[in-house]
J.: 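Take this structure first; my questions come after.
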There are 2 protein chains.
Amino acid sequence: MGLTKTIARPRAAAASVQAPAALPLDQILIADCIAAMRALPARSVDMVFADPPYNLQLGGELFRPDGSHVDAVTDEWDKFDTFAAYDAFTRAWLAEAHRILKDDGTIWVIGSYHNIFRVGTAVQDLGYWILNDIVWRKANPMPNFRGTRFTNAHETLIWASKHEKAKYTFNYRSMKTLNDELQMRSDWEFPICGGPERLKKDGTKVHPTQKPEALLYRILLACTKPGDVVLDPFFGTGTTGAVAKRLGRRWIGIERETGYVAAARERIAAALPLDESALATMQSPRQQPRVSFGTLVENGYLTPGAVLTDAKRRFRVTVRADGSLLADGGETGSIHKLGATLQEAPACNGWTFWHHEAGGKLHPIDTLRQTWLLATQP
Amino acid sequence: MGLTKTIARPRAAAASVQAPAALPLDQILIADCIAAMRALPARSVDMVFADPPYNLQLGGELFRPDGSHVDAVTDEWDKFDTFAAYDAFTRAWLAEAHRILKDDGTIWVIGSYHNIFRVGTAVQDLGYWILNDIVWRKANPMPNFRGTRFTNAHETLIWASKHEKAKYTFNYRSMKTLNDELQMRSDWEFPICGGPERLKKDGTKVHPTQKPEALLYRILLACTKPGDVVLDPFFGTGTTGAVAKRLGRRWIGIERETGYVAAARERIAAALPLDESALATMQSPRQQPRVSFGTLVENGYLTPGAVLTDAKRRFRVTVRADGSLLADGGETGSIHKLGATLQEAPACNGWTFWHHEAGGKLHPIDTLRQTWLLATQP
DNA sequence: GTTCAATCTGAATCGCCTT
DNA sequence: GAAGGCGATTCAGATTGAA
């Protein structure tokens, strides 16, 4: 399990009545996305990943704000009407997604400059709280053949929680590990989907905008836990489902085109779940059992009377029997509190601030905690 | 100068009546931006560059892990009560900009995820035609100190013409030359503004959000011709004016805060017009990109569950989903950290230490990285 | 003068738990 | 709900100061 900032809350009684067991897990619903979403229970999925249509004509289909179909699409739609129709459609499915998401769930939406500004505005207007926008830098974008603009070499993703104060999942430590011990940034580079990964039929691509699995891999690894449920209302050829299965997550897909559905089913059936030990990811300290400094003193890892200093030996304190510290100036407190007090800092992590001497060297007392954890954890 | 796609049109008779000679060229108008824009004639400038307030909506105080305080943007000019208020402000100045622009002029607006979606929606609704969105990747962004999100490492710019069919200026050849004979892409990397370029007074920054000159340099070089007029309605400390002067463009700035105006005047007075031969030296060398081990896992170069060993097969580890390694003894870590831990060494280059077996032979995983680079680099 | 180490800082929507 | 304790959390580049 990766670090998660959330701890599962007991499901509200009202939600239980909705019979979450009835969720169509690991299935594709062949239906219009808004209609199918309406049939799903409130507060039931952990993440929504959406790759909505980018084009403003919606492939000839338009929706009213209530989600119903607009039958007649004429060529005379002026720009305002076209944007208005796209906005209505966007707000309709985003509102359903908001209802279906658990309170601590998050949503991801991908788009290009044609639609992402409208999506982002709708996301904010519907009460979602944007956490990041992410740039997918394409390693091998299509050049601008006519030389009239900059090569359009990226797409944009929006990551948002349901509410400002939500305790969303973010596997910080996993992301940092994945990026060679540097914080994962908001700009990601992947090749576009091609090669054996690209689904083809009779030599032509099955779907015009198939997304690379690497993109979904990073998203699901970063923001879900094993067993979490991911809903993709624009399932296409099932990249979300294939990666979810590989990573031990549950998925629900909605897709109207039966051609895509058939390709997605075949693809997901062939996907192999990762072995459980491979699925394990870097843990955050917060996932480890808590160890108080007093425990170490009680168990003889440090003796009352032992001397601690900071790394530069500017401050010197003595360990007392109850795990509190005594400074030379008479101040006392916990390892954290006294570290903060002496430095006149607002806060301090005593585990890494205080050191003890052994073998002529200074070691942070956190190494004692790690030793204790190794000795006592199964 | 680079090739330009436009040929100047004869000025319309009506516009001549507006006496364009009265444009306050190379001056700062000390005024509210919308009021000052109302006083400018229609169809009179070639470009608008705008760096409007981002409406950050920051919470409480933020401290770095070392306890130091983060100097946030707390200025009154960035505060708006609601999205509706911000939208109204945005649409008002964007509408004035549309009026003031020549028919073949273009507009640039910069923002972050806090405001850019609302700006982009307004741009489209007002009839502008988006040509590109550009990502400014910051070489040295501020980290996410609490480990709660991805490092916010970029800002977004929107480039738009006044109308869909406009014959805007794009110096394609200049951009290609500037980018080592490859088409300029939509993702640009620059450091944030610092060092001697950052304006300071009494040791503190004059403006909280001063933009790097390199950014304006590329924009003006790409999308204006010498002698063109650039309007910046949020002039701040005058980056636009300084770069315009350097590149032989005319400029008009609007700024309300007299402190910023004074700094901008002094700065622009000191700016020297650039000799054209100096342009070649402004090119930044292409640097070999960093590749994380996680990238290789995400892209299938190594599968989670794969086994790695050192060259002498003394240590044996398994690759996990996030690019971390799991040793037989239960220890985990990145390729570098775990290599160091197992050898009890202070540090280790995991790329050359760990090997995978292929064709009965051991190969350092660095060869996979090289393969990846060959496959993804132009 | 030169080099290296320590310090400072940048458009940031930056906890969680118990009492 | 508010308050307070615990303890987790940073990267690149410029500047300063010591050696």
Side-chain angles (χ1 to χ4, degrees), chain A residues 3-7 124 128-133 160-161 164-168 170 172-173 176 179-186 284-288 290-294 311-312 323 333-337 339-340 346-354 365-366 369, chain B residues 51-75 77-79 110-116 136 138-156 189-198 200 203-205 207-212 236 290:
Chain A
L3 172 155
T4 167
K5 297 189 62 66
T6 43
I7 293 177
Q124 289 179 314
Y128 290 100
W129 191 247
I130 297 183
L131 299 165
N132 278 116
D133 62 335
S161 62
E164 180 179 353
K165 303 296 183 191
K167 300 187 203 313
Y168 55 89
F170 179 56
Y172 174 74
R173 203 64 196 73
K176 188 167 175 177
N179 194 36
D180 255 5
E181 295 299 322
L182 289 178
Q183 283 191 340
M184 188 69 80
R185 298 169 36 119
S186 57
S284 135
R286 193 167 281 282
Q287 291 304 106
Q288 297 172 353
R290 244 156 97 142
V291 179
S292 75
F293 183 65
K312 296 176 192 166
S334 71
I335 55 173
H336 312 296
K337 198 85 178 177
C348 169
N349 181 348
W351 291 109
T352 52
F353 180 71
W354 293 113
I365 56 175
D366 193 48
R369 178 168 63 159
Chain B
D51 181 11
Y54 287 9
N55 189 22
L56 286 182
Q57 303 178 253
L58 301 180
E61 306 253 279
L62 182 63
F63 295 89
R64 298 186 177 80
D66 66 6
S68 63
H69 182 254
V70 174
D71 183 19
V73 177
T74 52
D75 305 68
W77 50 252
D78 196 48
K79 295 195 194 322
I110 184 168
S112 66
Y113 68 84
H114 309 86
N115 72 320
I116 199 65
W136 166 28
K138 301 182 183 184
N140 48 349
M142 180 158 4
N144 182 286
F145 298 116
R146 303 300 295 265
T148 55
R149 303 180 178 192
F150 299 98
T151 305
N152 189 9
H154 74 275
E155 295 190 22
T156 302
E189 177 169 333
F190 298 110
I192 58 178
C193 183
E197 186 187 327
R198 186 87 193 203
K200 301 210 171 167
T204 59
K205 54 193 176 191
H207 194 285
T209 70
Q210 186 182 339
K211 295 295 178 288
R290 252 185 102 256

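The figures that follow rest on heavy atoms only: side chains count, while hydrogens, waters and symmetry mates do not. Quick note on labels: first sequence line is chain A, next is B, and so on, each numbered from 1.
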J.: Whole Å only: how far is the NZ atom of A/Lys165 from the C1' atom of C/dC14?
T.: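 To the nearest whole Å, that distance equals 11 Å.
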
J.: Hey, does the side chain of A/Lys337 come within less than 4.0 Å of D/dC6's phosphate (OP1/OP2), counting only N and O?
T.: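 For A/Lys337, the contact criterion (side-chain N or O under 4.0 Å from OP1 or OP2 of D/dC6) is not met.
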
J.: Taking atom CZ of A/Arg369 and atom CZ of A/Arg290, what is their separation to the nearest 0.5 Å?
T.: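 CZ of A/Arg290 is found 9.5 Å from CZ of A/Arg369.
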
J.: Remember a base hit wins even if backbone is also touched, and classify A/Ile335 as base, sugar-phosphate or nothing at under 4.0 Å, heavy atoms.
T.: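 If one applies the 4.0 Å heavy-atom cut-off, A/Ile335 turns out to touch nothing in the nucleic acid.
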
J.: According to a strict under-4.0 Å criterion, is A/Tyr172 in side-chain N/O contact with OP1 or OP2 of D/dT10?
T.: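 Yes, within the criterion.
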
J.: Between B/Val73 and B/Leu56, which heavy-atom pair has the shortest distance, and what is it?
T.: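 Heavy-atom minimum between the residues: CB-CD1, 4.1 Å.
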
J.: What's the shortest heavy-atom distance between B/Leu62 and B/Phe145, and which atoms?
T.: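 Minimum heavy-atom contact is CD2-CD1, 4.1 Å.
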
J.: OP1 or OP2 of C/dT13 less than 4.0 angstrom from a side-chain nitrogen or oxygen of B/Tyr113, does that happen here?
T.: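 The answer is yes; a side-chain N or O of B/Tyr113 sits under 4.0 Å from OP1 or OP2.
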
J.: Are A/Arg290 and D/dG7 close enough that a side-chain N or O sits under 4.0 Å from OP1 or OP2?
T.: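 A/Arg290 to D/dG7 OP1/OP2: side-chain N or O found under 4.0 Å.
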
J.: For DNA chain C, write out the stems as range with range, using runs of 3 or more consecutive Watson-Crick or G-U pairs with both distances under 3.5 Å.
T.: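 DNA chain C stems, ordered by first number: C:2-10 with D:11-19, C:15-19 with D:2-6.
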
J.: Determine the contact category for A/Cys348: base if any of its heavy atoms lies under 4.0 Å from a base atom, sugar-phosphate if only primed atoms, P, OP1 or OP2 are that close, otherwise nothing.
T.: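 Base contact.
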
J.: Using the side-chain heavy atoms of A/Ser334, tell me which of these nucleotides is nearest: D/dT10, C/dT13, D/dC6.
T.: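 For A/Ser334, the side-chain atoms sit closest to D/dC6.
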
J.: Name the nucleic acid region contacted by B/Pro52, choosing base, sugar-phosphate or nothing; use a 4.0 angstrom heavy-atom cut-off, strictly under.
T.: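 B/Pro52: base contact, heavy atoms under 4.0 Å.
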
J.: I want to check something: taking the side chain as every heavy atom from C-beta on, are B/Gln57 and A/Glu164 in contact at a cut-off of under 4.5 Å?
T.: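 The answer is no, as the side chains (C-beta and beyond) never meet within the 4.5 Å cut-off.
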
J.: Donor-acceptor check, side chain of A/Asn132 to backbone of B/Arg149, threshold 3.5 angstrom: yes or no?
T.: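 Side chain of A/Asn132 to backbone of B/Arg149, a donor-acceptor pair under 3.5 Å: no, none is there.
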
J.: Verify the contact: side-chain N or O of A/Lys312 to OP1 or OP2 of C/dT7, cut-off strictly under 4.0 Å; return yes or no.
T.: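 Yes, because at least one side-chain N or O of A/Lys312 sits under 4.0 Å from OP1 or OP2 of C/dT7.
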
J.: If only side-chain N and O atoms of A/Arg369 are considered, is one of them under 4.0 Å from the OP1 or OP2 phosphate oxygen of D/dA8?
T.: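 Answer is yes, contact under 4.0 Å.
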
J.: Do A/Trp129 and the base of C/dT13 stack face to face, with centres under 5.5 Å apart and an angle between planes under 30°?
T.: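 Yes, A/Trp129 stacks on the base of C/dT13.
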
J.: Take B/Asn152 and B/Gly203, find for each the nucleotide of DNA chain C with the closest heavy atom, and name the residue whose nucleotide sits nearer the 5' end.
T.: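 Whichever sits nearer the 5' end wins; that is B/Gly203.
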
J.: Nearest to the side chain of B/Thr209, which nucleotide is it out of C/dA11, D/dG7, C/dC14?
T.: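 Of C/dA11, D/dG7, C/dC14, C/dA11 is nearest to the side chain of B/Thr209.
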
J.: When the distance from CD1 of A/Ile365 to P of D/dA8 is rounded to whole Å, what number comes out?
T.: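 Roughly 11 Å, once rounded to whole Å.
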
J.: Can you see if the side chain of A/Lys176 gets near the phosphate of D/dT10 - specifically, an N or O under 4.0 Å from OP1 or OP2?
T.: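 For A/Lys176, the contact criterion (side-chain N or O under 4.0 Å from OP1 or OP2 of D/dT10) is met.
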
J.: Base, sugar-phosphate alone, or nothing: which one does B/Gly60 contact when heavy atoms must sit under 4.0 Å apart?
T.: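 Base contact.
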
J.: Can you name the nearest heavy-atom pair linking B/Leu58 to B/Ala72, along with the distance?
T.: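 The pair with the smallest heavy-atom distance is CD1-CB, 3.8 Å.
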
J.: For B/Asp78, report the nucleic acid contact type (base, sugar-phosphate, nothing); a contact means any heavy atom under 4.0 Å.
T.: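 Counting heavy atoms under 4.0 Å across all strands, the contact made by B/Asp78 includes a base.
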
J.: Minimum heavy-atom separation for A/Tyr128 and A/Ala160, please, with both atom names.
T.: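 Answer, listing the atom of A/Tyr128 first, then A/Ala160: CB-CB, 4.0 Å.
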
J.: When rounded to the nearest Å, what value does the distance between C1' atoms of C/dA12 and D/dG5 take?
T.: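 Roughly 26 Å separates the two C1' atoms.
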
J.: Among D/dG7, C/dT9, C/dA11, which nucleotide sits nearest the side chain of A/His336?
T.: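 When the side chain of A/His336 is considered, D/dG7 is the closest of D/dG7, C/dT9, C/dA11.
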
J.: As a test of reading the structure: which of D/dC11, C/dT13, C/dC14 is closest to the side chain of B/Asn144, going by heavy atoms?
T.: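 The nucleotide sitting nearest to the side chain is C/dC14.
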
J.: Go through C/dG10, D/dT9, C/dA12 for me and flag the one nearest to the B/Ile192 side chain.
T.: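 When the side chain of B/Ile192 is considered, C/dG10 is the closest of C/dG10, D/dT9, C/dA12.
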
J.: Expressed in whole Å, how much space separates the P atoms belonging to D/dG7 and C/dG10?
T.: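 The same atom, P, in both gives a distance of 32 Å.
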
J.: Output the rounded distance in Å from CE (B/Met142) to C1' (C/dT13).
T.: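 Going from CE in B/Met142 over to C1' in C/dT13 covers 12 Å.
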
J.: Which value, rounded to the nearest 0.5 Å, describes the distance between A/Met184 atom CE and B/Thr151 atom OG1?
T.: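 If we round to the nearest 0.5 Å, A/Met184:CE and B/Thr151:OG1 are 9.5 Å apart.
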
J.: Rounded to the nearest 0.5 Å, how far apart are CZ of A/Phe353 and CD1 of A/Ile335?
T.: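 Answer rounded to 0.5 Å: 11.5 Å.
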
J.: Among C/dT13, D/dC6, C/dG15, which is the nearest nucleotide to the side chain of B/Arg146?
T.: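 Selected nucleotide (nearest to the side chain): C/dG15.
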
J.: Treating B/Asp66 as the side-chain partner and B/Ser68 as the backbone partner, does any N or O pair qualify as donor plus acceptor under 3.5 Å?
T.: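 Checking the backbone N and O of B/Ser68 against the side chain of B/Asp66, a donor-acceptor pair under 3.5 Å is found.
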
J.: B/Phe145 has an atom CZ; how far is it from atom P of C/dG10, in whole Å?
T.: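 To the nearest whole Å, that distance equals 11 Å.
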
J.: Taking protein heavy atoms under 4.0 Å as touching, what does nucleotides 13-18 of chain D look like 5' to 3' if B marks base contact, S marks sugar-phosphate-only contact and - marks none?
T.: SSS---

J.: I need the CD-P distance between A/Glu181 and D/dT9, as an integer number of Å.
T.: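 It works out to 12 Å between those atoms.
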
J.: Between B/His114 and B/Ser112, is there a side-chain donor-acceptor contact under 3.5 Å, judged purely by atom types and distance?
T.: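 Yes - a donor-acceptor pair under 3.5 Å links their side chains.
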
J.: Among C/dA11, D/dA8, D/dA12, which is the nearest nucleotide to the side chain of A/Leu182?
T.: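 Taking heavy atoms from C-beta onward, the closest nucleotide is D/dA12.
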
J.: Report the distance from atom CZ of B/Arg198 to atom P of C/dC8, rounded to the nearest whole Å.
T.: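 The distance from CZ of B/Arg198 to P of C/dC8 comes to 18 Å, rounded to the nearest Å.
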
J.: Is there, by distance only and without an angle test, a donor paired with an acceptor across the side chain of B/Arg64 and the base of D/dT9 below 3.5 Å?
T.: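 For B/Arg64, whose side chain was compared with the base of D/dT9, there is no donor-acceptor pair (under 3.5 Å).
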
J.: In whole angstrom, give the distance that lies between atom CG of B/Leu56 and atom C1' of C/dG10.
T.: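 Value for this atom pair: 13 Å.
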
J.: Please work out if A/Asn349 contacts a base, only the sugar-phosphate, or nothing of the nucleic acid, heavy-atom cut-off 4.0 Å.
T.: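 Answer is base: heavy atoms of A/Asn349 come under 4.0 Å of a base.
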
J.: Give one of base, sugar-phosphate or nothing for B/Asp51, where a contact means two heavy atoms less than 4.0 Å apart.
T.: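 Result for B/Asp51 = base.
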
J.: Which heavy-atom pair separates B/Glu155 from B/Lys138 by the least distance, and what is that distance?
T.: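 Closest pair (atom of B/Glu155, atom of B/Lys138, distance): OE2-NZ, 2.8 Å.
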
J.: Nearest of D/dA8, C/dT13, D/dT10 to any side-chain atom of A/Ala347?
T.: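 Between D/dA8, C/dT13, D/dT10, the one nearest the side chain of A/Ala347 would be D/dA8.
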
J.: Under 4.0 angstrom, heavy atoms only, what part of the nucleic acid is B/Ser112 near: base, sugar-phosphate, or nothing?
T.: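 Counting heavy atoms under 4.0 Å across all strands, no contact is made by B/Ser112.
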
J.: Which atoms form the tightest heavy-atom contact between A/Gly350 and A/His336, and what is the distance?
T.: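 For A/Gly350 and A/His336, the tightest heavy-atom pair comes out as N-ND1, 2.9 Å.
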
J.: Using a cut-off of 4.0 Å on non-hydrogen atoms, how would the nucleic acid contact of B/Lys211 be classed: base, sugar-phosphate, or nothing?
T.: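 Base: the residue B/Lys211, judged by heavy atoms under 4.0 Å, touches a nucleobase.
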
